[in-house]
Protein chains: 2
Amino acid sequence: MSTKSADRQPTLEDVALVAGVSRATASRVINGSKKVNAQMIRKVQRAVKTTGYVPNTAARTLVNGKTGSIALVLSGSDGSAEQVFGDPFFGRVAGGVVKHLSNEGIHPSLVLADSDEARAKAIAYVRRGGADGALLVSTHADDPLPGLFVDERLPAVLFARPGRPTPISFVDLDHDKGAALAAERLVARGCRNIATISGPPAVLAAQDREKGFRQAMAQHGRPYVPVAIGNFTRESGELAMAQLLRDHPTLDGVFVANDLMAEGALQVLRDHGRRVPDDVAVVGFDDSLPARQAEPGLTTIAQPLEEMSAEMARLLLARIADPTIQPTSVIFSPRLVIRESA
Amino acid sequence: MSTKSADRQPTLEDVALVAGVSRATASRVINGSKKVNAQMIRKVQRAVKTTGYVPNTAARTLVNGKTGSIALVLSGSDGSAEQVFGDPFFGRVAGGVVKHLSNEGIHPSLVLADSDEARAKAIAYVRRGGADGALLVSTHADDPLPGLFVDERLPAVLFARPGRPTPISFVDLDHDKGAALAAERLVARGCRNIATISGPPAVLAAQDREKGFRQAMAQHGRPYVPVAIGNFTRESGELAMAQLLRDHPTLDGVFVANDLMAEGALQVLRDHGRRVPDDVAVVGFDDSLPARQAEPGLTTIAQPLEEMSAEMARLLLARIADPTIQPTSVIFSPRLVIRESA
DNA sequence: GTGAAAGCGCTAACAC
DNA sequence: GTGTTAGCGCTTTCAC
């Protein structure tokens with residue numbers, strides 16, 4: 001199919017030779033400089049085609065100091081690396097990022113930072129020119145990674161606000177509002193005894209959702225909201241639901257802080273013979289793919305994860321292009337998705 | 001925290017200066033050359049520490065022609081890029097690859113190749129030095145990408161055997177054996193009327209599973225196996241199961257070519273009042289995470305995806321290190337995982 | 001064992 | 001407009 005003469009990749013020198021111009025002119029044409037004679041442009045373009053020339057990234061990077069690539073850093077607390085992609089939340093975020101950057105011709109490199117050592121290596125990776133900057137997806141409030149990037153003055157943008165006040169850009173969801181949406185739905189349904197299954201306290205989003213839910217409930221004259229704590233896994237949702245059912249048998253509505261736990265809750269309710277939503281109404285959070293197919297369909301709070309991911313990428317690209325711009329944050333609004341469960 | 005003097009990254013020159021040696025010696029120490037005086041080693045190491053030196057990847061790449069990074073190319077047929085990570089199969093493969101390579105200090109870049117244009121760009125990406133080689137995860141038998149990589153003499157390894165005979169390394173599962181395992185289970189349970197829900201004909205794995213299932217059934221004296229065709233999504237599994245139930249009401253056992261479809265099948269069976277496994281036994285394929293939590297627990301054929309991914313990475317690394325080695329294939333064995341559904 | 005110097009392929013002044 | 005040239009930071013002969 002392809003008929004390369006030499007075995008090495010053609011260089012700019014080869015192109016210039018074939019086109020009968022200087023390397024500089026060839027370079028100008030290839031980089032779309034305005035100030036080139038139309039005829040030479042054609043000559044060079046033809047030469048590029050015949051030689052099959054592709055500019056060498058390393059050489060470019062070396063001279064202009066930009067790699068043109070970015071890192072997608074997944075910073076988990078434990079070593080649960082494999083499951084990251086199994087998690088529908090990470091899956092959607094990663095997918096959104098990859099999709100958006102593909103359009104820009106950028107292929108993010110995946111970096112797992114699930115230990116102090118891995119975090120140090122992630123920093124070194126960017127420093128040595130592995131990427132111009134990083135997209136940080138970490139949920140733990142005490143994750144030291146954002147601080148490390150700021151300390152090193154490396155461009156980075158977070159998904160979810162940082163645990164400590166840190167001069168860094170981020171995108172986030174208005175979790176309070178999402179929780180309020182859930183509260184209103186449950187109250188409007190006529191639920192009298194409403195509880196919540198919360199996420200791990202170390203995760204800011206979980207804190208926000210629980211706090212927001214309590215506030216909204218208080219505004220509806222319900223100052224007391226029983227809570228069971230899970231860790232965002234399906235199993236923990238089962239456990240929490242079982243506990244709630246034991247401690248509060250008259251329960252008739254529950255807000256679960258993510259869909260995975262909600263699935264577990266749904267199953268426990270079914271096992272205990274409670275009909276959903278007639279006996280107990282359930283509202284989840286995320287609008288994850290599996291949740292859409294749950295039985296019964298899960299009423300939930302949707303986050304525009306793909307949009308958020310795209311915006312995160314945009315913020316980083318802007319920061320890389322102009323290192324002087326100030327940190328900004330973009331907060332997205334959640335949306336109530338009504339299905340059968342509430 | 002960090003107290004960098006200049007704002008630019010320290011270079012080898014800086015290290016050499018601080019250590020009081022030449023660049024060459026500093027380079028030798030940093031690259032672990034044997035032939036260096038122990039004392040200079042110490043001096044250089046100290047200088048590295050005080051300067052906070054990190055070798056520049058682009059410069060290294062430029063001189064030795066290796067980027068030290070690899071591409072993970074996901075080659076879908078349609079433009080369904082975002083869902084890639086939502087799919088538990090891709091999720092596990094991607095996770096396995098990332099996990100394995102992280103240990104080697106390599107962070108794969110994710111490349112979506114879901115159109116002819118995207119495929120051409122993927123090739124160009126590797127050619128320009130974006131990566132030393134590619135891990136190709138594509139399931140469609142007619143995917144042109146493997147051929148393109150071979151034509152360009154770019155190192156690549158496939159997940160799943162190529163559709164056309166192609167001189168390229170790959171890892172794969174013994175799908176025949178997996179299907180036979182399923183057949184035996186169903187027969188051993190005493191099922192009399194056994195059907196199968198197959199995957200898309202364009203996917204080799206789907207072909208293999210159906211063919212293998214028929215063969216195994218024939219060996220058990222069951223030459224006739226009704227089939228309904230799905231496309232590996234949950235919805236298509238529902239449709240296929242409904243059709244099977246309509247056309248073969250006496251059905252009492254079904255082999256479903258992947259877990260996602262099996263989930264859909266399970267739900268349709270429940271909706272139709274068929275008890276699983278008493279009325280209809282179901283065997284899936286994949287042992288995906290969601291399937292493990294299905295209700296009832298899904299009996300399925302497990303693939304060691306993480307091991308397969310790791311082996312795929314190993315093969316590529318070996319090929320990059322020595323371009324002369326011949327293509328090899330590594331076939332993994334599936335395993336029957338018994339839960340409640342069969 | 002150690003240093004000097006030549007490039008790897010490219011871009012960007014700088015002259016013309 | 002176009003060509004010449006000096007590096008970008010590193011590894012690696014090649015002398016010493």
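Any value given below was found using the heavy atoms of this structure, including those in side chains, with hydrogens, waters and symmetry copies removed. Letters A, B, ... are given to chains in the order of the sequence lines, protein chains preceding strands, and every chain is numbered from 1.
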Practice item. Could you state the atom-to-atom distance from CD of B/Q39 to P of C/dG1 in whole Å? Key: 14 Å

Point to revise | Separation of C/dC10 C1' from B/L62 CG (nearest whole Å) | key: 8 Å

Review point. Rounded to the Å, how far apart are B/N37 CG and C/dG3 P?
Key: 10 Å

Study note, to complete from the structure: To the nearest angstrom, the CG-P distance between A/L12 and D/dT5 comes to 16 Å

**Study point:** A/L62 side, atom CG; A/T57 side, atom OG1 - distance, nearest 0.5 Å
**Key:** 12.0 Å

**Study point:** Distance test, side-chain N/O of B/R60 to OP1/OP2 of D/dC10, below 4.0 Å
**Key:** no

Review point. Between atom CD1 of B/I331 and atom CZ of B/R161, what is the distance when rounded to the nearest 0.5 Å?
Key: 8.5 Å

Review point. How close or far is atom C1' of D/dG7 from atom CZ of B/R8, stated in whole angstroms?
Key: 14 Å

Check your understanding: Is there a side-chain polar atom (N or O) of A/T11 under 4.0 Å from OP1 or OP2 of C/dG9?
Key -> no

Exercise for review: Please tell me which of B/K35 and B/A59 maps to the more 5' nucleotide of DNA chain C, matching each residue to the nucleotide holding its nearest heavy atom.
Suggested key: B/K35

Point to revise | Verdict with reasoning, A/R60 to A/N31, per side chain to side chain contact (heavy atoms under 4.5 Å, CB included) | key: CA-CA 11 Å; A/R60 276 190 169 167; A/N31 292 293; 3.1 Å; yes

Check your understanding: Rounded to the nearest Å, what distance is computed from the OH atom of residue B/Y53 to the C1' atom of nucleotide D/dT11?
Key -> 10 Å

Practice item. Decide yes or no for B/L101 and B/L317: does some side-chain heavy atom of the first lie under 4.5 Å from some side-chain heavy atom of the second? Key: yes

Review point. In whole angstroms, how far is the C1' atom of C/dT11 from the CD atom of A/E13?
Key: 14 Å

Point to revise | pair A/M312-A/H100: side-chain heavy atoms closer than 4.5 Å | key: no

Practice item. Determine whether the side chains of A/T51 and A/D14 contain a donor N or O and an acceptor N or O closer than 3.5 Å. Key: no

Review point. Within this structure, what is the CG-to-P distance between A/N56 and C/dG7, rounded to whole angstrom?
Key: 18 Å

**Study point:** Stepwise side chain to side chain contact (heavy atoms under 4.5 Å, CB included) test for B/V126 and B/V111
**Key:** CA-CA 10 Å; B/V126 177; B/V111 180; over 6 Å; no

Please tabulate the protein-to-nucleotide N/O contacts below 3.5 Å involving nucleotides 12-15 of chain D, giving atom names and distances.
none

